[in-house]
Amino acid sequence: MTETVELEIFYPGSLEGELKNLLTDYKKLTVKGVLNKADMDALRNQIQNDNVRERIVSIDLSGVSGVDAVPSKMFSNCPELTEIKLPKCIKKAESRAFAYSQKLCEISLDEISEIEGFDCFAFCRSLCDFSLPKAEKIGKFSFRRSCIEGSVNLPVLKHVSACLFMDAAVTGDILMPEAISCDEDAFCGVKVSGKIYLPNCTDLGYGLFNDSRMVGSLWLTTPKHIELHGRTFTEFTNLKNTTLYLHRNKKGDVSGNSFNQWGGTEWKKIEYVDSDGGILSES
């Protein structure tokens, strides 16, 4: 068995011919050189060949240039794939680009600014500390039923799309400091051991936390008015074990004899922060 294959491409459009000469029993693949879209499509077809897909462990494209997108389903459903190194020229990923690869834990995503379509990382069950530092747009269902060991950091995302974390499990935090709105069911069925951090969010969509399994704490600490839509928290959710953090100017909005009801639901506890984000010593 050939453990590792390395290809260097000198002319865009020639990768398909190089791939045809390969045996399909390798586990690690490295590609270097200038590629075009046809090359990426050919590479996807190679990876999705059953003989390759079932055994590929590592894919290194860090030495590639000339392309800007990961095609739809390129790295999907590879049961042994654990690591993908992407080049800095890659700016976006398409629907299901990494979906269903359940052992995938390391992907270099520092330059990606857009996740198109849907289900990009769905059913990835082994992701580790996950960051998309430049992603301004992430398509719906992108983390559906994914498991992330550690935290998710989305520092520039403005809009949380529908069902983004549907039925996902995160052992750390989900950090979205610039998000200002969330679509319907964005956290439906979610399990988050740490916090969901939305300090600038002012628009919370329909059924946002429907059937959530666990949320350690929820930070909605903007001093601005927060718009709640139908069933944002109520009816299908259980947030009685979740601590809610609000700006201190929301104290007058709290109801209930125990001062732990807000937004139509009961919370474990409600804490307040000042305009600098500091937690007040007395709630």
Would you call Glu114 and Lys137 a salt bridge, taking side-chain N to carboxylate O under 4.0 Å as the test? yes
State plainly whether one hydrophobic cluster holds both Leu61 and Val52, where clusters connect Ile, Leu, Val, Met, Phe, Trp and Tyr through side-chain heavy atoms under 4.5 angstrom apart. yes
Does one hydrophobic cluster hold both Leu175 and Ile112, with members joined at side-chain heavy-atom distances below 4.5 Å? no
Out of Arg144, Lys140, Arg145, which one pairs with Asp119 under the salt bridge (charged side-chain N to carboxylate O under 4.0 Å, His left out) rule? Arg144
Carefully, step by step, assess Thr242 and Ile196 under the rule side chain to side chain contact (heavy atoms under 4.5 Å, CB included). CA-CA 10 Å; Thr242 299; Ile196 296 179; over 6 Å; no
So how far is it from Ile138 CD1 to Lys158 NZ, rounded to the nearest 0.5 Å? 13.5 Å
Might you work through the side chain to side chain contact (heavy atoms under 4.5 Å, CB included) test for Ser72 and Arg44, ending with a clear yes or no? CA-CA 9 Å; Ser72 175; Arg44 174 181 57 187; 4.3 Å; yes
Would you kindly say whether Glu227 and His225 are connected by a side-chain donor-acceptor distance under 3.5 Å? yes
Nearest heavy-atom approach of Tyr272 to Arg248 is CD2-CA, 3.9 Å
Given 3.5 Å as the limit, does a donor-acceptor pair link the side chain of Thr171 with the main chain of Gly150, or not? yes
Can you name the nearest heavy-atom pair linking Ile84 to Leu81, along with the distance? CD1-CD2, 3.7 Å
Could you state the interatomic distance from NZ (Lys251) to CG (Leu246), rounded to the nearest 0.5 Å? 11.0 Å
Mind listing the closest non-hydrogen atom pair of Ser62 and Asp60 along with its distance? OG-OD1, 2.6 Å
Can you tell me how far the CG atom of Asp110 sits from the CG atom of Leu86, to the nearest 0.5 Å? 10.0 Å
Any side-chain to backbone donor/acceptor pair from Gln48 onto Asn77? Under 3.5 Å, distance only. no
Check: Ile226 and Lys250 side chains under 4.5 Å, non-hydrogen atoms: yes
Heavy-atom nearest pair, Leu35 first then Val67, reads O-CG1, 3.6 Å
Does Asp276 reach the main-chain N or O of Gly278 with its side chain, forming a donor-acceptor pair under 3.5 Å? no
If you define the side chain from C-beta out and look only at heavy atoms, does anything of Met214 sit under 4.5 Å from Asn241? no
For a quick test of reading the model, state the closest non-hydrogen atom pair linking Leu22 to Gln46 and the distance between them. CD1-NE2, 4.2 Å
Is Lys103 salt-bridged to Glu80, going by a charged N under 4.0 Å from an acidic O? yes
Between Leu104 and Cys78, is the side chain to side chain contact (heavy atoms under 4.5 Å, CB included) condition met? List the steps. CA-CA 8 Å; Leu104 184 59; Cys78 297; over 6 Å; no
Of Lys134, Lys88, Lys92, which meets salt bridge (charged side-chain N to carboxylate O under 4.0 Å, His left out) against Glu111? Lys134
Consider only side-chain heavy atoms of I, L, V, M, F, W and Y, link residues closer than 4.5 Å, and tell whether Val5 and Ile59 are in one cluster. yes
In the single-linkage hydrophobic clustering (I, L, V, M, F, W, Y; side-chain heavy atoms under 4.5 Å), do Val156 and Met176 co-cluster? no
Just by distance, with hydrogens left out, do Ser58 and Glu83 show a side-chain donor and acceptor under 3.5 Å apart? yes
Under 3.5 Å, side chain of Arg213 to main-chain N/O of Asp167, donor-acceptor pair present? yes
Considering all heavy atoms, the nearest Cys120-Ile115 contact: CB-CG2, 3.4 Å
Using a cut-off of 6.0 Å, state whether more than 12 heavy atoms not belonging to Glu16 lie near its atom CD. no
Scan Phe98, Phe118, Phe121 and name whichever one has a ring pair (Phe, Tyr, Trp, His ring centres under 6.0 Å) with Phe143. Phe121
If you draw a 6.0 Å radius around NZ in Lys191, do more than 12 non-hydrogen atoms from other residues or ligands fall strictly inside? no
Close side-chain approach of Val70 and Phe75, heavy atoms under 4.5 Å: yes
Treating Thr232 as the side-chain partner and Gly205 as the backbone partner, does any N or O pair qualify as donor plus acceptor under 3.5 Å? yes
Check whether any side-chain heavy atom of Leu239 sits under 4.5 Å from a side-chain heavy atom of Leu244, and report yes or no. no
Treating Ser126 as the side-chain partner and Gln102 as the backbone partner, does any N or O pair qualify as donor plus acceptor under 3.5 Å? yes
To the nearest 0.5 Å, what is the distance between CG on Leu29 and OG1 on Thr4? 9.5 Å
Give a yes or no answer on whether the side chain of Asn200 reaches the backbone of Ala179 with a donor-acceptor pair at less than 3.5 Å. no
Can you get from Tyr197 to Leu204 by hopping between Ile, Leu, Val, Met, Phe, Trp and Tyr side chains that sit under 4.5 Å apart? no
If you define the side chain from C-beta out and look only at heavy atoms, does anything of Trp267 sit under 4.5 Å from Leu218? yes
Applying side chain to side chain donor-acceptor pair (under 3.5 Å), can you list everything that pairs with Ser161, at least two apart in sequence or on another chain? none
Answer yes or no: is there a donor N or O on one side and an acceptor on the other, between the side chain of Thr30 and the main chain of Glu6, under 3.5 Å? no
Determine whether a donor-acceptor pair (N or O, by modelled atom type, separation under 3.5 Å) exists between the side chain of Glu184 and the backbone of Tyr206. no
Could you tell me if the side chain of Cys182 sits less than 4.5 Å from the side chain of Phe187, heavy atoms only? yes
Given side chains that start at C-beta, do those of Pro79 and Glu54 come closer than 4.5 Å, heavy atoms only? yes
Given Ile107 and Leu127, is the side chain to side chain contact (heavy atoms under 4.5 Å, CB included) satisfied, shown in steps? CA-CA 9 Å; Ile107 320 170; Leu127 296 172; 4.2 Å; yes
Measuring from atom CG of Leu15 to atom CD1 of Ile9, what distance do you get when rounded to the nearest 0.5 angstrom? 4.5 Å
Find out whether Phe141 and Cys163 are in side-chain contact, i.e. whether some heavy atom of one side chain is under 4.5 Å from a heavy atom of the other. yes
Without swapping roles, check the side chain of Asp173 against the backbone of Lys195 for a donor-acceptor pair under 3.5 Å. yes
CG of Asn249 to OG1 of Thr222, rounded to nearest 0.5 Å, is 8.0 Å
